[in-house]
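To start, the structure under review is shown below, and the notes come after it.
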Amino acid sequence: MTKEQVIVTAAQMRDIEGRIFAAGMPVAALMEKVARLISDRLQAIIPQGQRVGILVGPGHNGGDALVVARELHFRGYQVWIYQPFSKLKELTSQHFQYAQSIGITCYQELEELPNCNFLVDGLFGFGLEREITDTIASAINHFNEWNQQIFSIDLPSGLHTDTGEVLRTAIRANYTFCLGLWKQGLLQEQALEYIGKAELIDFDIPLADIHAVLGNPPKINRITKTTALATLPLPRSPVTHKYKSGHLLLICGSRRYAGGAILTGLGARASGVGMLSIAVPESIKPLLVSHLPEALIIDCPETETGAISHLQLPGKTHLSSFTVIACGPGLTQDAMPIVQQVIESEVPLIIDADALNILAQLGTISTLQKRQAATVLTPHTGEFERLFPDIDYTNRIRAVQTASAQTGAIVLLKGARTAISNPEGVVWINPESTPALARGGSGDVLTGLMGGLLAQAANKQTPIEDVVATAAWWHSQAGILAAEERTELGVDAFTLTQYLMKAIKN
Ligand SMILES: NC(=O)C1=CN([C@@H]2O[C@H](COP(=O)(O)OP(=O)(O)OC[C@H]3O[C@@H](n4cnc5c(N)ncnc54)[C@H](O)[C@@H]3O)[C@@H](O)[C@H]2O)[C@@H](O)CC1
Ligand SMILES: [K+]
């Protein structure tokens, strides 16, 4: 486990910090160490001699900021301090006194603070516990309007450490230097507009303290490149054959939404799955054959509206012949019987798109509780609401945990920070993505890719949620790479499929 993988709440961070202090590390020494690391990062970004305003709060976040002020002062920057509080914690107060003694000018009134080119935000860290009061709120709004680069220490002041909720107002940072371990709030969608570019400042927290507080392995995890690559089916066994590398059945598409079937198929192709079968309404079979010549296209009888009416498998094939089934993209609501049929099967199943809406109509919890084999649900927020009308999804981490516990399924809630939970509450969060992926068809690609990866993992010990997490990571890395090369406007779903290979080759 790496520290990049760990996610903590404010209470957990306090417990971990408490263990370090109890073991003998002096509080002041740790603050000194952390603030020097922050100063090094700032020095690498801010050109020499610039005017830097340091915003200082009453607690140890303010203490960090004061040590940074002192360091930058001695490293040749023009430094001013804004500190509007009447009461400071003791260590913070000592640093404040020392900063003044070495000639750094400190201002209590906002209007007096000279114009600066850069701001360092040390108003509040994980100790913020209530809404921000009038004076500080208007100062924060004022700094946001300055349009200078802002660097937040630990997290942008004003964000709730766990939920990422804005407690009245918050600093809109360009950079956030998160200290020690990733705070949960920085991975919540409501915080994203405030964080800017986020970096972890590793200050050598012992793994033993992390495990003592969070368990081993911890329950809530960030997906990292290391965790994702460890789950990819690479290298392939030199003696594998096509049936050993998984047989995936996709059930997707309709006359109206033929493209969804193609995109799901192309996502599956990129996974490297050994055998790919795709069940579609008979009228679109020729189209699928022309796009995916390697796949076995199963033509099914169709309804008047052009949806699959029932599954017609060739020869001696049964549903149980497949390693994994992925069902949903482009089906339309008219495909209800086939969705019911696969839910009743004993094959591991991914339920996406139209199949999720059908599941909601059938009754999410009662229907899924009857299933024996593994199920993965991949809703976006709208689908999640239809599936789980009683679950509040403002805290998305808690929402996926609850949904998964209620259904026994692995639940992946799509978004800018996709969250995945298993029924025991083990969570993966995808920490990087791109708004370029907010386009029709991009989810179809994910379903195919995930299906292919799950089919290949079937005979291994890897937990299903780990494979689901890897699929989410791979999909978003392809989007990020495509957006870098083609801008955020250039990542249609078909283009995305062409970047999947490049993303892992990099
Ligand atoms: N966890 C660690 O191991 C380390 C933590 N450090 C720093 O310490 C910070 C946490 O320090 P603290 O616990 O002192 O907390 P903060 O500095 O985040 O702020 C807490 C202070 O603000 C006050 N406060 C809370 N909400 C307020 C509000 N709405 N309006 C006005 N005042 C409010 C509190 O009464 C308290 O005095 C971290 O974010 C980090 O910057 C670092 O110094 C070193 C290492
Ligand atoms: K801060």
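Read the numbers this way: they start at 1 and go in the same order the structure lists the ligands and their atoms. All residue numbers refer to positions in the sequence shown, counting from 1. Remember, predicted model here, so these are calculated numbers, not experimental data. The basis for the numbers below is simple: all heavy atoms, side chains too, and nothing from hydrogens, waters or symmetry mates.
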Quick check on ligand 1: any N or O pairs to the protein under 3.5 Å? One line per pair.
| residue | atom | partner | partner atom | Å |
| --- | --- | --- | --- | --- |
| ligand 1 | 1 (N) | Glu17 | OE2 | 2.7 |
| ligand 1 | 3 (O) | Glu17 | OE2 | 3.4 |
| ligand 1 | 13 (O) | Arg14 | NH1 | 3.2 |
| ligand 1 | 13 (O) | Arg14 | NH2 | 3.1 |
| ligand 1 | 13 (O) | Lys89 | NZ | 3.4 |
| ligand 1 | 14 (O) | His60 | N | 2.8 |
| ligand 1 | 14 (O) | Lys89 | NZ | 2.6 |
| ligand 1 | 17 (O) | His60 | N | 3.1 |
| ligand 1 | 17 (O) | Asn61 | N | 2.9 |
| ligand 1 | 18 (O) | Gly125 | N | 2.6 |
| ligand 1 | 18 (O) | Gly127 | N | 2.9 |
| ligand 1 | 26 (N) | Glu129 | N | 3.4 |
| ligand 1 | 29 (N) | Arg130 | O | 3.0 |
| ligand 1 | 29 (N) | Glu131 | O | 3.1 |
| ligand 1 | 39 (O) | Phe126 | N | 3.1 |
| ligand 1 | 39 (O) | Asp154 | OD2 | 2.6 |
| ligand 1 | 41 (O) | Asn61 | ND2 | 2.8 |
| ligand 1 | 41 (O) | Asp64 | OD2 | 2.7 |
| ligand 1 | 43 (O) | Asp64 | OD1 | 2.4 |
| ligand 1 | 43 (O) | Asp64 | OD2 | 3.3 |

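Sorted by first and then second residue, the ring pair (Phe, Tyr, Trp, His ring centres under 6.0 Å) pairs involving residues 432-484 (not counting sequence neighbours) form an empty list.
Sparse packing is recorded around CG of Asn459, with 12 or fewer heavy atoms of other residues, nucleotides or ligands lying under 6.0 Å away. Surrounding CZ of Arg371 are more than 12 heavy atoms belonging to other residues, nucleotides or ligands, all under 6.0 Å away.
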Next on the checklist: Could you go through Arg386 and Asn357, starting from their C-alpha distance and side-chain angles, then the distance that decides it, and tell me whether this counts as side-chain hydrogen bond (donor to acceptor under 3.5 Å, both in side chains)?
Outcome noted: CA-CA 7 Å; Arg386 286 190 283 277; Asn357 297 327; 3.0 Å; yes
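Considering the K ion (ligand 2) as centre, the angle to OD1 of Asn61 and to O of Ile153 is 80° (10° rounding). Here Ser157 contributes OG and Asp121 contributes O, and at the K ion (ligand 2) these two atoms make an angle of 100°, given to 10°.
Using modelled atom types and a 3.5 Å distance limit, the side chains of Thr231 and Asp466 yield no donor-acceptor pair. A donor and an acceptor atom, one from each side chain of Glu432 and Gln477, are located under 3.5 Å apart. Residues Glu145 and His142 have side chains that never bring a donor and an acceptor to within less than 3.5 angstrom of each other.
At least one N, O or S atom of Leu155 sits under 3.4 Å from the K ion (ligand 2). Residue side and main chain included, Phe124 places an N/O/S atom under 3.4 Å of the K ion (ligand 2).
Thr375 places no side-chain N or O within donor-acceptor distance of the main-chain N or O of Ala409, the cut-off being under 3.5 Å.
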